[in-house]
There are 2 protein chains.
Amino acid sequence: MTDLHDDIARRLRGARQRYTPARRQLVEVLSDGGGPRTIPELLDRAAAGSQSSLYRNLAVLEQADVVRRLQGAGDVSRFELAEDVTGHHHHHLVCLSCGAIDDFELPADAEQALDDAVAAAVTDAGFATDHHRFDLLGTCHRCA
Amino acid sequence: MTDLHDDIARRLRGARQRYTPARRQLVEVLSDGGGPRTIPELLDRAAAGSQSSLYRNLAVLEQADVVRRLQGAGDVSRFELAEDVTGHHHHHLVCLSCGAIDDFELPADAEQALDDAVAAAVTDAGFATDHHRFDLLGTCHRCA
DNA sequence: ATTTATGCAAATCGTTTGCAAACCT
DNA sequence: AGGTTTGCAAACGATTTGCATAAAT
């Protein structure tokens, strides 16, 4: 826990940004294992100040590679801690019915095989891959 | 070509929708191999009536599984013909710099292995997968 | 004649921004 | 003090919708 905050504080310092109480609280909520969160959810659970500050803090954290923004089913953005920070590479189960997003992981060998196949397929296109996004869209167990 | 329109007309009929000239023209533009298109691009190239009609026609075509809407780098939606219609399963190269989206394909065996790994990983989560979305985000050859 | 599609303008919704006050160092 | 973060309200931009007209069956 502490090392998480230390790590984040370091990253923010590197981006010449401060680790304010509001930002710390935001990270707390995002790290509680509840998966990617929407703005309304964060406003509820974090009581982290006003909506505009929330957007701005998320932008700051995103620039510092602490938070990643992702889009789910509709137009609502969701935010999660970046894999740089958590150390967990994972993918997403996006429920088309309720919009919830859960995490899932692929076995390491499958992940590796995928990366290899992708690298081979993309090299000749002259595309420089930064990261990938692999989501399953469907119906979650709650909405089944 | 003709069979494409026939197929689409059939699908629209099945959804109790008409294959109007504007919708036909829209399909023409989407099928010219230029990749997923934005609303402004479609307005330019299609001259397919007003913006609101364009949105509405895309919605109709999406409901009939003729068109798929996808989100690229930022907040702009892009539209492409559905794989049901084209018969080509593919993925996307999303350029974080210019927002362009190109298609790429994975070798059939890699695609199969991926599907298998995913199925195994997701079964126990009680998630019913409808389809997946696999994108590479990075820098395209134009922006390199 | 009845239903459906169109165009325009106004409304919506998530997100961003301007500005003055509060905060930290 | 000097630069930063906050909160509020206003601005924004992509998308959606209400309504009257035009087109299709």
Discussion item. Does Arg11(A) form a salt bridge (Lys or Arg N to Asp or Glu O under 4.0 Å) with Asp6(A)? I'd like the steps, not just the answer.
Written reply: CA-CA 9 Å; Arg11(A) 286 170 193 271; Asp6(A) 287 351; over 6 Å; no

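- As a whole-Å value, the separation of Leu54(B) CG from dC8(C) C1' is 15 Å.
- Between His132(B) and His89(B), the ring planes are perpendicular. Angles over 60° get that label, and only those under 30° would be called parallel.
- Proximity of Thr20(B) to the phosphate of dT6(C): a side-chain N or O atom is located under 4.0 Å from OP1 or OP2.
- Hydrophobic clustering, with ILVMFWY side chains joined whenever heavy atoms are under 4.5 angstrom apart, groups Val60(B) together with Val27(B).
- Rounded to an integer number of Å, the gap from Leu12(A) CG to dC24(C) P is 17 Å.
- Between the P atom of dT15(C) and the CG atom of Asn57(A) lies a distance of 15 Å, rounded to the nearest Å.
- Proximity of Ser50(B) to the phosphate of dC8(C): no side-chain N or O atom is located under 4.0 Å from OP1 or OP2.
- Among the atoms of the strands shown, none is found under 4.0 Å from any heavy atom of Arg16(B).
- Connection of Val94(A) to Ile39(A) is not established within any shared hydrophobic cluster, with ILVMFWY side chains joined at heavy-atom distances below 4.5 Å, either directly or through further cluster members.
- The distance from atom CZ of Phe79(B) to atom C1' of dT15(D) is 9 Å, rounded to the nearest whole Å.
- Using the six-membered ring where Trp is involved, His91(A) and Phe104(A) have ring planes that are tilted, between 30° and 60° apart.
- Among the atoms of the strands shown, only primed sugar atoms or phosphate atoms (P, OP1, OP2) are found under 4.0 Å from some heavy atom of Gln17(A).
- In this structure, Gln51(A) atom CD and dT15(C) atom P are separated by 8 Å, rounded to whole Å.
- With DNA chain D read from its 5' end, the first of the two nearest nucleotides for Arg18(B) and Val60(A) is the one closest to Val60(A).
- Rounded to whole Å, the distance from CZ on Arg13(B) to P on dT3(C) is 21 Å.
- Regarding Arg56(A), its CZ atom lies at a distance of 12 Å from the P atom of dC8(D), rounded to whole Å.
- The phosphate of dT16(C) (OP1 or OP2) has no side-chain N or O of Tyr55(A) nearer than 4.0 angstrom.
- Side-chain atoms of Ser52(A) and base atoms of dC8(D) include a donor and an acceptor less than 3.5 Å apart.
- Rounded to whole angstrom, the span from the CZ atom of Arg69(B) across to the C1' atom of dA14(D) amounts to 9 Å.
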